[in-house]
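The structure under discussion appears below in the form of structure tokens.
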Protein chains: 2
Amino acid sequence: MTRPRPNRRSGCPVSVSLEILGDRWSLLIVRDMMVRAFRTFKQFQGSGEAIATNILADRLRKLEAAGIIVRERNPSDSRSIAYRLTQKGIDLAPVLLELLIWGARHEETDAACAAIDVMAQNRAAILDEVRRRWQQGDPNALQVDGEWRLPF
Amino acid sequence: MTRPRPNRRSGCPVSVSLEILGDRWSLLIVRDMMVRAFRTFKQFQGSGEAIATNILADRLRKLEAAGIIVRERNPSDSRSIAYRLTQKGIDLAPVLLELLIWGARHEETDAACAAIDVMAQNRAAILDEVRRRWQQGDPNALQVDGEWRLPF
DNA sequence: CCGGATCCGTTTCGATACTG
DNA sequence: CAGTATCGAAACGGATCCGG
């Protein structure tokens with residue numbers, strides 16, 4: 001006899017957004033897809049943050065249910081499954097960018113201060129590049145010569 | 001015999017930010033302070049989202065430990081305790097604004113679509129107003145004639 | 001192998017009752 | 001008013017197992 005957990009939240013946008021994204025992993029998965037071009041279960045597993053496989057599976061399901069990602073099976077190789085961001089998912093880029101700038105400014109992170117200032121002053125250009133890469137249908141990671149261009 | 005929960009996270013800014021803010025309540029508390037000018041424990045309790053008192057106490061402690069808010073005791077009335085955003089907390093305004101715009105665009109919320117378009121095109125002005133109100137030391141809620149000016 | 005599902009111990013959450 | 005105390009429910013983390 002398990003009662004469903006009550007969810008007495010207001011309909012304010014921030015509240016509704018946090019209902020989906022308000023945990024430690026969901027936005028991180030979206031970031032990995034967006035700027036590192038991760039597409040498979042395996043890639044997320046080894047992303048350096050060591051998410052448990054059951055949690056990862058759960059989050060991928062929830063993100064799919066929320067319409068943020070889609071799950072696709074490779075027709076030629078049925079073993080291979082790939083996840084892809086939807087437009088709704090790509091639209092999280094501004095949230096991630098602001099979170100990045102805030103963290104880099106106020107927390108101890110690996111990002112160089114100078115790089116952050118540059119990013120903060122070029123928000124629009126960065127977001128344009130992310131959108132362009134994804135709408136071309138070939139979302140390469142935001143890296144140049146094997147190095148992350150941005151310290152996401 | 002309680003082992004501390006392992007926290008094997010990268011030092012990337014987004015990851016570090018989510019370590020502090022990656023739950024369903026922290027950002028909501030910051031929003032209530034920022035746009036509704038909530039300052040007391042009691043106000044947060046009745047914010048319409050029905051946070052449990054022990055969770056609220058825990059989040060306020062964690063936000064204080066992270067330097068996002070400060071806890072102040074009224075010298076004249078020692079029973080009265082007020083919380084206030086620090087600069088680090090005010091700097092979360094862009095994150096909240098992007099989260100608001102995303103939620104309003106893509107989720108069922110109480111916010112009118114037209115209002116969101118206006119906000120999305122006036123990000124800078126909105127953030128300026130938030131900062132100005134807070135730096136005056138008298139952070140009034142973002143409301144006019146008792147109505148919320150913005151559908152946060 | 002890949003993409004999970006299952007099991008189990010630990011941690012956190014949520015609701016309510018209670019207190020200085 | 002501003003929180004604790006308590007306790008059952010849910011989420012998490014690690015390890016292992018499994019089907020294609």
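Quick note on labels: first sequence line is chain A, next is B, and so on, each numbered from 1. For the numbers below, each heavy atom of this structure counts, side chains included, while hydrogens, waters and symmetry mates do not.
The CD1 atom of B:I101 lies 11.0 Å from the CG atom of B:L96; values are rounded to the nearest 0.5 Å. Remark: A:L100 CG to A:I126 CD1 distance equals 8.0 Å, nearest 0.5 Å.
Minimum interatomic distance between B:L99 and A:S17 (heavy atoms only, all atoms of both residues): O-OG, 3.1 Å. For the pair A:I20 and A:A66, the tightest heavy-atom approach, listed with the atom from each and the gap, is CG2-CB, 3.9 Å.
In this model, the phosphate group of D:dG3 is approached by a side-chain N or O of B:Y83 to a distance below 4.0 Å at OP1 or OP2. Remark: A:R59 is in phosphate contact with D:dC12, judged by side-chain N or O atoms under 4.0 Å from OP1 or OP2. The phosphate of D:dC1 (OP1 or OP2) has a side-chain N or O of B:K42 nearer than 4.0 angstrom. At the phosphate of D:dG13, OP1 or OP2 sits under 4.0 Å from a side-chain N or O atom of A:W25.
Rounded to whole angstrom, the span from the CG atom of B:L18 across to the P atom of D:dC12 amounts to 14 Å. Rounded to whole Å, the distance from CD1 on A:I55 to P on C:dC8 is 17 Å. When the P atom of C:dG4 is taken as reference, atom NZ of A:K62 falls 16 Å away, rounded to whole Å. Between the C1' atom of C:dG3 and the CZ atom of A:R73 lies a distance of 9 Å, rounded to the nearest Å. One can place CG of A:N74 at 16 Å from C1' of C:dC1, the figure rounded to the nearest angstrom.
Within the 4.0 angstrom heavy-atom criterion, only backbone atoms of the sugar-phosphate kind lie near A:R71; the bases stay farther away.
Salt-bridge check for B:K62 with B:D58: passed, with a basic side-chain N closer than 4.0 Å to an acidic carboxylate O. Salt bridge B:E19/A:R24: absent, no basic N to carboxylate O contact under 4.0 Å. Ion pairing between B:R59 and B:D23 holds under the 4.0 Å rule for side-chain N and carboxylate O.
Mapping B:T40 and A:I51 onto DNA chain D via the closest heavy atom, the residue that lands nearer the 5' end is B:T40.
The list of side chain to side chain donor-acceptor pair (under 3.5 Å) pairs with a residue in residues 95-105 of chain B, not counting sequence neighbours, reads B:E98-B:R123.
A donor-acceptor pair under 3.5 Å links the side-chain atoms of B:Q43 to the main chain of B:T40, judged by distance alone.
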What N/O pairs connect the protein and nucleotides 4-6 of chain D at under 3.5 Å? Give each pair on its own line.
{"unit_1": "D:dT4", "atom_1": "O4", "unit_2": "B:T53", "atom_2": "OG1", "d": "2.7"}
{"unit_1": "D:dT6", "atom_1": "O4", "unit_2": "B:N54", "atom_2": "ND2", "d": "3.3"}

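Recorded end-axis angle for the helix from C:dC1-D:dG20 to C:dG20-D:dC1 stands at 30°, based on five pairs per end and rounded to 10 degrees.
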